[in-house]
Amino acid sequence: MAENTTEVLVGGVVLAAAVAFGIYAAQAAGLRSGGDSYPLHASFRSLEGVSVGTDVRLAGVKVGTVSGVALNPETFRADTTVDVAKTIEIPDDSAIVISSEGLLGGNFVEIVPGGSPFFFEPGDQFTDTQGAVSLISLLLKFVGGGGDSDGASE
């Protein structure tokens with residue numbers, strides 16, 4: 001009988017730890033109950049390194065996540081939806097940029113605030129966007145095409 005009690009207690013502790021881990025993982029991933037964010041839209045030339053769930057940051061602080069990505073077949077641009085916390089008011093002349101965390105880090109979406117006294121409403125579109133800059137193409141330009149002189153060789 002003592003074995004059954006021990007097994008039930010150990011099972012309860014394991015179940016409580018699993019629930020606690022699940023709650024922690026949801027908070028760390030930025031999953032929250034609906035209704036505390038609003039959507040904004042942007043269209044990028046290149047969305048390299050960004051997908052659904054990528055952080056949206058303002059001044060280095062996470063204020064939302066990318067919630068939708070789709071290719072526009074007419075413009076061949078990446079139409080993107082970002083969900084921003086309702087407590088954050090973003091000026092309507094702000095820019096949205098794909099930034100990199102460093103040479104080995106991933107990309108994230110950065111909002112560069114403008115100075116307008118008016119703010120985005122839910123569903124509004126960013127007009128000032130800057131897509132991802134490919135590090136490989138920059139290195140190839142630097143290595144391959146930077147030092148070309150008049151073409152004479154000896």
TODO: Identify whether V112 and V82 are in the same connected component of the hydrophobic contact network (ILVMFWY, side-chain heavy atoms under 4.5 Å).
DONE: no
- [ ] Kindly indicate, with the supporting measurements, whether the criterion side chain to side chain donor-acceptor pair (under 3.5 Å) is fulfilled by D83 and T65.
- [x] CA-CA 5 Å; D83 288 340; T65 57; 5.1 Å; no
TODO: Check whether any side-chain heavy atom of F108 sits under 4.5 Å from a side-chain heavy atom of V56, and report yes or no.
DONE: no
- [ ] Grab the two heavy atoms, one from T129 and one from R77, that are nearest each other, plus how far apart they are.
- [x] OG1-NH2, 3.6 Å
Open item on the list: In the structure I gave you, are the side-chain heavy atoms of S67 and P39 within less than 4.5 Å of one another anywhere?
Closed with: no
Open item on the list: Nearest 0.5 Å, please: how far is CD in Q125 from NE2 in H41?
Closed with: 7.0 Å
Task: Whether R57 side chain and K62 backbone form a donor-acceptor pair below 3.5 Å - done: no
Open item on the list: So, taking the atom named CG in N107 and the one named OG in S51, what distance separates them when rounded to the nearest 0.5 Å?
Closed with: 10.0 Å
TODO: Output the distance between atom OG (S46) and atom CD (Q130), rounded to the nearest 0.5 Å.
DONE: 11.0 Å
- [ ] For the pair D128 and I96, evaluate side-chain contact (heavy atoms from CB on, under 4.5 Å) and give the outcome as yes or no after the intermediate values.
- [x] CA-CA 6 Å; D128 188 2; I96 189 164; over 6 Å; no
Open item on the list: Looking at D36 and K86, is there a salt bridge between them, counting it only when a charged N and a carboxylate O are closer than 4.0 Å?
Closed with: no
Open item on the list: Within this structure, what is the CD-OG distance for the pair E48 and S100, rounded to the nearest 0.5 Å?
Closed with: 10.0 Å
Open item on the list: Ignoring hydrogens, what is the shortest heavy-atom contact between Y38 and E89? Give both atom names and the distance.
Closed with: OH-CA, 4.3 Å
Open item on the list: Check for me whether the distance between the ring centres of F126 and F120 falls short of 6.0 Å.
Closed with: yes
TODO: Test side-chain contact (heavy atoms from CB on, under 4.5 Å) on S43 and D79 and set out the steps.
DONE: CA-CA 4 Å; S43 182; D79 290 343; 3.2 Å; yes
- [ ] Would you give the length of the straight line joining atom CZ of R45 to atom OG1 of T75, rounded to the nearest 0.5 angstrom?
- [x] 13.0 Å
- [ ] Could you pull out the closest heavy-atom pair between G114 and D93, with the gap in Å?
- [x] CA-OD1, 3.1 Å
Task: Rounded distance [0.5 Å steps], OG in S116 versus CD1 in I90 - done: 12.5 Å
- [ ] Taking all heavy atoms of P113 and all of P91, pick out the closest pair and write down the distance.
- [x] CB-CD, 4.4 Å
Task: Non-hydrogen side-chain atoms of T80 and F44 separated by less than 4.5 Å - done: yes
Task: Donor-acceptor pair, side chain of D55 and main chain of V109, under 3.5 angstrom - done: no
Open item on the list: With a 4.5 Å cut-off on side-chain heavy-atom distances among I, L, V, M, F, W and Y, is there a chain of contacts connecting I98 to L58?
Closed with: yes
- [ ] Could you state whether L47 and V97 fall into the same hydrophobic cluster, counting links through intermediate Ile, Leu, Val, Met, Phe, Trp or Tyr residues with side-chain heavy atoms under 4.5 angstrom apart?
- [x] no
